[in-house]
Enquirer: 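Below are the structure tokens for one structure; questions will follow.
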Protein chains: 2
Amino acid sequence: MAFGDQLVDAGGKIAPDDDGDIGELNEIVGFHIRLAHGACYRHFTETFAELELTQKQVSALWLVDDHPGISQIEVGTRLRMDRATTMTIVNRLQARGFMRREKSATDGRKQALFLTDRGHDALAQAKEAIRAHEAWLKSRFTQKEVDTLMELLARIHE
Amino acid sequence: MAFGDQLVDAGGKIAPDDDGDIGELNEIVGFHIRLAHGACYRHFTETFAELELTQKQVSALWLVDDHPGISQIEVGTRLRMDRATTMTIVNRLQARGFMRREKSATDGRKQALFLTDRGHDALAQAKEAIRAHEAWLKSRFTQKEVDTLMELLARIHE
DNA sequence: CTTATTTGTTAGTGGAGCATACAATCCTGC
DNA sequence: GCAGGATTGTATGCTCCACTAACAAATAAG
């Protein structure tokens, strides 16, 4: 990847051995969160290339499986998505035959969401892939570090 | 937000006091990374609403300021973006008069990137906003925890 | 010199987040 | 019980980001 390259030219000074330096940016917590998320996202996408499922889709399948009959607004709230975004996720999963909408018996405004048989199959496969993905992620940490990381991350999003 | 709501209906059992439960999903590290990133992204977007700058744009401005004459490919490599994505970022920043491209003196394939005066102004404002954003992020941690978090995150994206 | 690689560019695809607007349903205050 | 407000789902449209594929120009490698 051309390490040791000349980084400043066109009249600037030469700065060798500047490998991947990002200066003060390295001290920004938000920046590291974004990079870690990006790395995670890319590995996830690779892992789920065959299944053709995104993080959001898997999360939604998982959540509906855990809570059959859950409403769209609840799915959105728990996964931190707004109504419009949740719609597109559910639409896709429904179009692929993984999920179905039923009129809620207790609240006419709500849709009750359920997995189809194909949805259960897809989720089972997805959980296998998640295991591989998580193994990749956790391979660089001790269990204690994993616990610490999750606790710290939870404080950000709770 | 209707906590204590009935979550399972349409024939299912009632599950009260299920506030925000996401079941096993809660044990997935990648899930917490995504949620933390989302929370971070939303706060960043709010903080930068007036400046109309995105995380990527600020990172790129910052990096070019630190390394005047850096090439697009280097920006992309260091910020973990591919060439095409880097293009769109630089295009936007150039269109807004924050950045300019010069032909590299040492490698005819490369563009040397520089901030304009307006770009320096924008970055100065952005750094102010970053301070507020980082303060929000760090407010829930001790300095030691911040260090730990950054170290753990770095292991993911390095 | 010929070939392969690197860099920038363009064009197109898809996911995700958000805002707005609207209709149906539910809930509250009177 | 009724009117007004809130909630939920839906539709539309916008922006941003990541990626692919293809191409041209320049450099590097054989």
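Numbered from 1 within each chain, the chains take letters A, B, ... in sequence-line order.
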Enquirer: Would you say A:Lys56 places a side-chain N or O within less than 4.0 Å of OP1 or OP2 belonging to C:dG17?
Expert: yes
Enquirer: How close or far is atom P of C:dG14 from atom CD of A:Gln57, stated in whole angstroms?
Expert: 13 Å
Enquirer: If you check the A:Arg42 side chain, which of D:dG9, D:dC19, C:dT25 turns out closest?
Expert: D:dC19
Enquirer: Would you call the rings of B:Phe44 and B:His133 parallel, tilted or perpendicular, taking 30° and 60° as the class edges?
Expert: perpendicular
Enquirer: Return yes if some donor-acceptor pair links the side-chain N/O of A:Arg80 with the main-chain N/O of A:Arg78 below 3.5 Å, else return no.
Expert: yes
Enquirer: Is there a donor-acceptor pair closer than 3.5 Å between any side-chain N or O of B:Glu145 and the backbone N or O of B:Thr142?
Expert: yes
Enquirer: At under 4.0 Å, does any side-chain N or O of B:Thr54 touch on OP1 or OP2 of D:dC17?
Expert: yes
Enquirer: Heavy-atom nearest nucleotide on DNA chain C for B:Met87 versus A:Leu79: which residue maps closer to 5'?
Expert: B:Met87
Enquirer: Which listed nucleotide (C:dT7, D:dT10, D:dC19) is nearest to the side chain of A:Gln111?
Expert: D:dT10
Enquirer: May I ask you to verify whether the side chain of A:Arg83 and the base of D:dG9 hold a donor-acceptor pair under 3.5 Å?
Expert: yes
Enquirer: Would you mind classifying the nucleic acid contact of A:Arg101 as base, sugar-phosphate or nothing, using non-hydrogen atoms under 4.0 angstrom?
Expert: sugar-phosphate
Enquirer: Would you mind reading off the distance between B:Glu52 atom CD and D:dC14 atom C1', rounded to a whole angstrom?
Expert: 14 Å
Enquirer: When you measure from the side chain of B:Arg109, which nucleotide among D:dA25, D:dC17, D:dC19 comes out closest?
Expert: D:dA25
Enquirer: What is the distance, rounded to the nearest whole Å, between atom CG of B:Leu35 and atom P of C:dA16?
Expert: 14 Å
Enquirer: How long is the line joining CD of A:Gln72 and P of C:dT25, in whole Å?
Expert: 16 Å
Enquirer: Round to a whole Å and report the spacing from CD1 of A:Ile70 to P of D:dT8.
Expert: 12 Å
Enquirer: Kindly indicate, with the supporting measurements, whether the criterion side-chain hydrogen bond (donor to acceptor under 3.5 Å, both in side chains) is fulfilled by A:Asn91 and A:Arg101.
Expert: CA-CA 10 Å; A:Asn91 282 348; A:Arg101 290 172 158 105; 3.0 Å; yes
Enquirer: Taking the nucleotide of DNA chain D with the closest heavy atom to each, which residue, A:Ala84 or A:Gly38, is nearer the 5' end?
Expert: A:Ala84
Enquirer: Of B:Gly108 and A:Asn91, whose closest DNA chain D nucleotide lies nearer the 5' terminus?
Expert: A:Asn91
Enquirer: Once you round it to whole Å, what is the distance between P of C:dC18 and CZ of B:Phe48?
Expert: 17 Å
Enquirer: State which of D:dT8, C:dG8, D:dT27 makes the closest approach to the side chain of B:Asp107.
Expert: D:dT27
Enquirer: Tell me the interatomic distance from B:Leu113, atom CG, to C:dG8, atom P, rounded to whole angstroms.
Expert: 8 Å
Enquirer: So, B:Lys138 side chain and B:Val146 main chain: donor-acceptor pair closer than 3.5 Å or not?
Expert: no
Enquirer: Whole angstrom is fine here: how far is it from CD1 in B:Ile73 over to P in D:dA26?
Expert: 17 Å
Enquirer: Return no unless some side-chain N or O of B:Arg92 is found under 4.0 Å from OP1 or OP2 of D:dT15.
Expert: no
Enquirer: Report the residue (A:Tyr41 or A:Asp82) whose heavy-atom-nearest nucleotide on DNA chain C is the more 5′ of the two.
Expert: A:Tyr41
Enquirer: Please check this pair: side chain of B:Arg140 against backbone of A:Arg155, looking for a donor-acceptor N/O pair closer than 3.5 Å.
Expert: yes
